[in-house]
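Working notes for the structure below.
Both counts, for ligands and for their atoms, begin at 1 and track the order of listing. Both backbone and side-chain heavy atoms feed into the values below; hydrogens, waters and symmetry mates do not.
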Amino acid sequence: MIYIVMGPSGSGKTLVGEYLKEKGMNELVSHTTRLPRPGEVQGVSYHFVDEGTFQQTKKVEASAYGGNWYGVSEKEVEEKTKLGDVFAVIEIHGALAFKKMYGEKVKIFYIASGPRDLRRRMTHRGDPKESIRKRMLIYRKNGEAFQDRHADAVLVNKSSKKQLFCQVEYYLAATKNRKKPKTDRTVYPSRRKLFS
Ligand SMILES: Nc1ncnc2c1ncn2[C@@H]1O[C@H](COP(=O)(O)OP(=O)(O)OP(=O)(O)O)[C@@H](O)[C@H]1O
Ligand SMILES: Nc1nc2c(ncn2[C@@H]2O[C@H](COP(=O)(O)O)[C@@H](O)[C@H]2O)c(=O)[nH]1
């Protein structure tokens, strides 16, 4: 199984990725031309490369986001899927490219968060003001709040980390048991509640 974690900037994708790694799942580490944030580690957070190297690398998919390139290499997918279930933290176009290529092996998790929480978390993470502004603009312009319609499961990140991880567990169990998970309509709080 290939689990794709997507959602707006600051929604908690990296956090969910860290939880999956703790559980022993391998990550498809993306290539990117963006500069590392403080604390990010080469080859672990991303393969940080220049544009020339990025273009030369054979990739399953590639997308531009916020003025930088992102993509997952073919080598990464070939090597890591041999070892078992994997996950990738990527945006919508990449997620849909994976779904098209690998079909039912791919499950898309969308992490839902309201704009206030997104801004607060990016601020707390220490992102520069200009970067936050750009990402909130992308959130609105790209209609990221509505990308949940492409997901197999919607996780709502509105309170504690524990509550978020419980939802991950629920959906992992559901996909393992080959049961169709309850749709987001059953677990999703009303949009008004999420955006308050
Ligand atoms: N439920 C939560 N409780 C406490 N902290 C949280 C929660 N969800 C996310 N955070 C924190 O908010 C910040 C943003 O989360 P994270 O980095 O996982 O977002 P992201 O979706 O990966 O963002 P980006 O796409 O910008 O990389 C992080 O510092 C993370 O630890
Ligand atoms: N299509 C892809 N999108 C990716 C990939 N790796 C990360 N991403 C997405 O880019 C944005 C910005 O990421 P950030 O680390 O700079 O905050 C975010 O939505 C990621 O999910 C990839 O390989 N392909």
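Closest to atom 5 (N) of ligand 1 among all protein heavy atoms lies Lys161 CE, 3.7 Å. The nearest heavy-atom contact from the protein to atom 12 (O) of ligand 1 is Arg121 CD, 3.2 Å. Regarding atom 26 (O) of ligand 1, its nearest protein heavy-atom neighbour is Ser9 OG, 2.4 Å. Taking atom 7 (C) of ligand 1 as the reference point, the nearest protein heavy-atom neighbour is Leu15 CD2, 3.6 Å. If you check which protein heavy atom lies closest to atom 22 (O) of ligand 1, you get Thr14 OG1, 2.5 Å. From the protein, the heavy atom lying nearest to atom 15 (O) of ligand 2 is Tyr46 OH, 2.5 Å. Annotation: atom 3 (N) of ligand 2 to nearest protein heavy atom, Glu91 N, 3.1 Å. From the protein, the heavy atom lying nearest to atom 17 (O) of ligand 1 is Arg125 NH1, 2.9 Å. Shortest contact from atom 23 (O) of ligand 1 to any protein heavy atom: Gly10 N, 2.9 Å.
In terms of modelled atom types and a separation under 3.5 Å, the side chain of Lys13 and the main chain of Pro8 share a donor-acceptor contact. Of the possible donor and acceptor atoms, one in the side chain of Gln167 sits under 3.5 Å from a partner among the backbone N and O of Val156. In this structure, Lys80 contributes its side chain and Lys75 its backbone to no donor-acceptor pair below 3.5 Å. A distance-only check finds a donor-acceptor pair linking the side chain of Lys99 to the backbone of Val106 [under 3.5 Å]. Formation of a donor-acceptor pair under 3.5 Å by the Glu40 side chain with backbone atoms of Arg37 is found in this model. Arg34 contributes no side-chain N or O that, together with a main-chain N or O of Asn68, makes up a donor-acceptor pair within less than 3.5 Å.
By the 4.5 Å heavy-atom criterion applied to side chains, Thr33 and Gln55 are not counted as neighbours. Between Val77 and Phe98, the closest side-chain pair of non-hydrogen atoms falls below 4.5 Å.
In the displayed structure, His93 atom NE2 is contacted under 6.0 Å by at most 12 heavy atoms of other residues, nucleotides or ligands. With a 6.0 Å radius and a threshold of 12 heavy atoms from other residues, nucleotides or ligands, Lys134 has its NZ atom at or below the threshold. Counted within 6.0 Å of CZ on Arg119, heavy atoms from surrounding residues, nucleotides or ligands total 12 or fewer; the atom is thus considered open.
Ligand-side atoms of ligand 2 in range of Gly94: 1 (N), range being under 4.0 angstrom from any heavy atom. Listed by number with element, the atoms of ligand 2 under 4.0 Å from a non-hydrogen atom of Arg135 are 12 (C), 14 (P), 16 (O), 17 (O). Near Pro8, with a cut-off below 4.0 Å to any heavy atom, the atoms of ligand 1 are 21 (O). Atoms of ligand 2 found under 4.0 Å from any heavy atom of Gly71 (numbered from 1 in listed order, with element): 22 (C), 23 (O), 24 (N). Close contacts between ligand 2 and Ser63 involve ligand atoms 1 (N) [criterion: under 4.0 Å to a heavy atom]. Interface atoms of ligand 1 facing Asn157, defined by a heavy-atom separation under 4.0 Å, are 1 (N), 2 (C), 7 (C), 8 (N), 9 (C). Shown in contact with Ser160 at under 4.0 Å from a heavy atom are these atoms of ligand 1, numbered in order with element: 1 (N). Remark: ligand 1 atoms within the under-4.0 Å shell around heavy atoms of Arg135 are 26 (O). Taking every heavy atom of Val72 and a limit of under 4.0 angstrom, the matching atoms of ligand 2 come to 23 (O).
Residue Val41 comes nearest to Phe48 through the heavy atom pair O-CE1, 4.1 Å, listed as atom of the first residue, atom of the second, then distance.
Neither the backbone nor the side chain of Met122 comes within contact range of ligand 2; no heavy atom lies under 4.0 Å. Residue contacts with ligand 2, taken as heavy atom pairs separated by less than 4.0 Å, involve Arg34 solely via side-chain atoms from C-beta onward. Residue His124 does not touch ligand 1, judged by heavy-atom distances below 4.0 Å. Only the side chain of Lys13 comes within 4.0 Å of ligand 2, counting heavy atoms alone; its backbone N, CA, C and O stay farther away.
Of the candidates Arg37, Glu18, Lys13, it is Arg37 that places a heavy atom closest to atom 27 (O) of ligand 1. Distances from atom 19 (O) of ligand 1 to the heavy atoms of Gly66, Gly12, Ser159 show the closest one on Gly12. Among Ile90, Leu96, Asn68, Asn142, the residue whose heavy atom lies closest to atom 5 (C) of ligand 2 is Ile90.
Between His31 and ligand 2 there is no heavy-atom distance shorter than 4.0 Å. Within the structure, ligand 1 lacks Gly7 among the residues with a heavy atom less than 4.0 angstrom away. For the pair Leu164 and ligand 1, no heavy-atom separation below 4.0 Å is found. Residue contact annotation: Gly17 has no non-hydrogen atom under 4.0 Å from ligand 1.
The aromatic rings of Tyr3 and Phe109 sit tilted relative to each other, their planes meeting at an angle between 30° and 60°.
The pair Glu130-Arg133 meets the salt-bridge criterion, with a side-chain N (NZ, NE, NH1 or NH2) lying under 4.0 Å from an Asp/Glu carboxylate O.
By the rule that hydrophobic residues join a cluster once side-chain heavy atoms approach within less than 4.5 Å of another member, Val49 and Val29 end up as members of separate clusters. No continuous path of hydrophobic side-chain contacts links Val89 to Tyr46 [ILVMFWY only; heavy atoms under 4.5 Å].
Residue Arg37 has at least one N or O atom closer than 3.5 Å to an N or O atom of ligand 2.
For the side-chain contact (heavy atoms from CB on, under 4.5 Å) with Ile90, the qualifying choice from Leu96, Val72, Val60, Leu28 is Val72, the only one to do so.
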